[in-house]
Structure formats: structure tokens, C-alpha cells
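Along the sequence shown, residues carry numbers from 1. Each ligand, and each atom within it, is numbered from 1 in the order the structure gives.
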Amino acid sequence: MRRTVALLSASLFTLAAGAASAQNATPHNLILFVPDGLRALKVTPETAPAMAEVRDKGVNFKNPHSVFPTFTMANGSAMATGHYLGDTGTFSNTIYSGYTSVPGGDTVTPFLENDAVLGDIDEHFKGNYLNEETLLKVARANGFSTAAIGKVGPTYIFDHTDRTDKGPAPHSIVVDDATGSKTGVPLSDEMKDALTKANLPLTTPGRGDNGKAGDAKTAGTTAANTAQQAYFADVASKVVLPMLRAQNKPFVLVFWSRDPDGTQHNQGDSLNTITPGINGPTSLAGIKNADDNLAQLRKSLDELGLAASTDIIISADHGFSTISKESKTSPSAKASYGDTPQNYLPMGFLALDLAKALDLPLYDPNDKNAKIGDNAHTKAGNGLIGNDPAKPDLVIAANGGSDLIYLPNNDKELADRTIKALLEQDYVSGLFVDDALGNFPGTLPISEVNLKGKAVTPNPSIVVNFRSYVEGCNEPTNCSVEVADTVLRQGQGMHGSFGRGDTMNFMAAIGPDFKAGYVDALPVSNADVGMTAAKLLDLHASAQGGLMGRVMSEALPNGETPKSSEGELTSKPAANGLQTIVKYQSVLSQRYFDAAGFAGRTVGIEAEGSKEKTAGK
Ligand SMILES: [Zn+2]
């Protein structure tokens, strides 16, 4: 498919007539660079000079939005397809699959950042669990060279449906954490030869010290993910970009940097204390590491003569928050566990508290459905609640700043009791309920936040957002603190909530198809990234669902600049007065969700009567 780009055609025709430029007939290349978990306002010329340069010389998307739940796989699915999660079914990093995933560890709650799990879930859902076409696959089918390099999971979903175990079928180049292992996508002979010639190993190095999360008594890592990402950056700049250039076709390259996410999660700067949290030196080193990777890619584009013909979109999947494990209401915080400080929430607190409130037994889907006794929690925080773990009444998929609850029997009475129990807990801030279960005071329907569409994976019955607040600095989205259901400790890092700290991801772009020195005040999202990438490449994916982002036309030369407005949704009050509030902005038919939760319990949702401005606008 040839690229036309109606938006640019007038000026290009003028240029071509004058300068007889042959270049205009050739589509531009695209690099999508994802600095995982990079907060928008942490980028300065000091902390991240390469990213600051793209933002300041190219397009500064100053009103960015991660899609909720603000997790990696969820937002990866939005970038890869241009669709919201109600269509892609990637509701978080851990979902209820509705069947036992063997590669996921014989569990109905698989963690999706795993190529073998993705292959298995694809197979279960008729070959494509996303139920939408992905950017690299469509680009490849239209004659582009394609490659995806970086963090395992999101890297692969950009072209995940054509894998065969017989070797590299026609497929994008994929190099991720699993490359060289039995779950990795096989390398072609051409890639193996090129890596060898460049003195690069055929197996991705591990994270080393960066992978150490510590425990309640041992601080986590103080090292960024430099060694592993130096490998990815070398593969991209020394092997893949030269190869793509030699193929002499326009190309699309996705580079997914695990940093700063991995480092902010595991950092050992703040064991059991809220400050400095994710604003300590280790987290800053993680930000700089991602920035160094970007600088290396841009230098390579320069050296290969590709800079002028390559667009770069940078979009973090989500923001980040420091973890709180505090609750005054949680029964599970009052019990004792071998691995959790006294009075702190244990991993899996939501499953524990619900089992207690509903007076039903709790089983562990990540431990052969073992029953959980007193003073214990499940291995990954997930839970099966009910008398028969093979036919649970509730399934809890623990994720971090928000959790998913599934009611496989769609029992409305049980939903009502579950919601009432959740409304009693101080760590809850906002509840979204599957429209199919009906309306419940204190909650809003999941359809209001784009979580109800054509997904083929099971729809969550209740999405539970956890409390967030600001501590440690005066910039709310840089100093968000949130309750998180995770093995990680108070003071380490997490995301996934509906607070502005987690929804405010870093976004910027530069290149021949973008305005230069332009500050975009309109709201934009990661679904828009997918739609805009497709537009730049003149690709037209066929859509199953209708929950699609928009082309960020205002950032393109001669593009339309639509109008935006602000809005708010408020649920009926629950018996105790709590109301789920959603603050959003609108452009055309799109809604951009800034924050959601109960008044005063979410960063960006002010307390009742407060005159404070909403954070992060
Ligand atoms: Zn993360």
C-alpha cells in the first residue's frame, strides 16, 4: 500500500514541482519508542535530555493520557491496535482467562508479559486474543519492514499472531527478554549472522541486580536496567536499523524500554517509607537509562542517513506512583504474616478481605488452587473465592493500583454484597461494574470508561481502583502515592490506578510528518498513538470494535485542530455517601479520562468542597 497523506499533499506537490524531489514518493519510517512508566513531568533537560529535546523541538503533548487500568499490557494493546481495552480485552497485566493457562503456570489468572502465555491465549481465542489487527502486522502486510525490540510482553503483541514453532515464519523481527530461550520468538538466520558479526550474543542478557525487588527487610535494587537495555539498544542501532536500511523499504520499529518502570518498581531507595519513594537516585538512573537508549537510536539514525526520513513517536504506557500499604479498615492488615510488616496490607489483601466479608473460602490459583488458611496470603495476590475452586464464585486478578474482580456466574446478588464490602474499605477509590450486572449505587458502569466493547476475553465484573494521594513534592503527578496490591513494599513503585499520577504518561513526537516546536494542549491517549501511527503509514486496519482512538491531527502540519471540552460523571451515592467520580476531557467523540475515584481519595479528584484545581491539567 502506498502512502498518500492527504494532509500533506498540497505542500508536497508544491515542493516536488519546485525541487523535483524524489523523496516525496517514499513513505517515511516510524520509530515508536516507549519509555515504560515514564511520568510526563519528570522529563527535563537534566533528567532526560534526549527526550526533552524531542519534546521541545518536535511536538510536546502536554495533556497526555494512559488508558485505565494504567498497566503495560493494557496500554501496549491500545498502542498496537488503536483501540481501547473494551475491544482489546487486555484489561490489565493479569486477567482472568476463563480457562487454565498451562504456560501461565496452570492458572486461570495468567500474567500476560510472557510470549508463551500470549501464544497460548491467542490459540485459545481463535488465533488473536486482541480481536483487532496490530500495527506491525498490518505494516508488514503492506510492504514495510518491521521490528520490535525490548521488554517481553508488550514488544511481542505488536505482531503476535503469525508465530510458528517451525522457525521464523514471515514475521517482524522480535528481540525481547525471551530471545534465545525456549519461549522466545526464533531469530532468522539473517539476524543470527548479523548479531554474530556485530559481536552481540544470540540470547538476551538478564536484568542482573536490577531484577532484585528485595523484601520487607531487604531493600530492592539500586541499579538501573543498563546492561540488558544496552543489549537491546545495540541490537537496534548496530544490527536492526542497518538491516532495515539495507532492505530499502520504509520501516516501522517499536523499541520498548523496560526502564524506568522496572527500576521504579524494584528500587531500594525507600524501604517501607513513602519518601523519597520513586523520586530517589535509583529511579532517576532508570529514567536516564531509557533516555540514553533513545539518544543511541537517534545517533544511529543520523549516521545511517535516516533521521530526515524517520518519524519518532515517544509514548510511555503509563505514569507511576509510590506504594502505600496502609489501611485503617482492612481486616487483612490486622493479621500477621511472615513476610509483611505488622499493620501493613499484605499482597492479596483484596482477595483476603472479600473472602472474609463474604464468608467464603479463598483458594490460590497460582498454587494448584491450594486453600489459604489464617495468617497467609496467595502467592501472586490473585484469588479464587467460593466453595469449589474449580467453579469459583469470584476470581480476583491482582495487578497493583487497581484489581479486577470477575463473577463467572454473573450473580447479581453476590455482586451487590461484594460492592457493599468494597465500599467499607478505605483503600478503595472508585468502582466500575459490568453493565450486564445492573446499576449499583456508588459505582459507574464499565462502559463509561471504554471497558465494554468487542473483547473476546472475559469482561471484568468489577474494576476496583485503589486510593491515591500526593506526598513528597508539590507536583502532584510526580509525587503520587497509591495503595497497591503487589508483592512490592511500601516505598517501592507501582501504577495501575485511576489517579492523574498514573494516567499522566510522557508523550512527544518529532520528524518529517510532525509540526516542529509545537505544544499540543489537546488531550491525547495511547489509543491515539496507535491511530496516528497507522495514519502516518497510511495503513487501514479492519476494526471489530468501535472503541478507537483518534488521529492527533493537530500535531501534523496542516492538520485540523479540533475543540476540546471538560466533563465529569458522578454515580448515585452509595448508602455511606460514596460516589464514583470520573473527570474527563472530550475531543470530537473521544473521551480522555484524567482521573476517577471517590472525592478526596484519588490524585485529581479533589475532596468535596475543596477549591483546589485538578492536578495535572
Ligand atoms: Zn510496571
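- Under the salt bridge (Lys or Arg N to Asp or Glu O under 4.0 Å) criterion, Asp234 pairs with Lys238, sequence neighbours left out.
- Under the 4.0 Å criterion applied to side-chain N and carboxylate O atoms, Asp367 and Lys379 are assigned as salt-bridge partners.
- Remark: Arg591 engages Glu448 in a salt bridge (Lys or Arg N to Asp or Glu O under 4.0 Å) (not counting sequence neighbours).
- Side-chain N or O atoms of Thr70 include one that pairs as donor or acceptor with a backbone N or O of Gly496 at under 3.5 Å.
- Judged as a salt bridge (Lys or Arg N to Asp or Glu O under 4.0 Å), and not counting sequence neighbours, Asp120 has no contacts.
- Donor-acceptor pairing under 3.5 Å is lacking for the side chains of Asn266 and Thr221.
- Counting only protein N, O or S atoms, the number found under 2.8 Å from the Zn ion (ligand 1) is 4.
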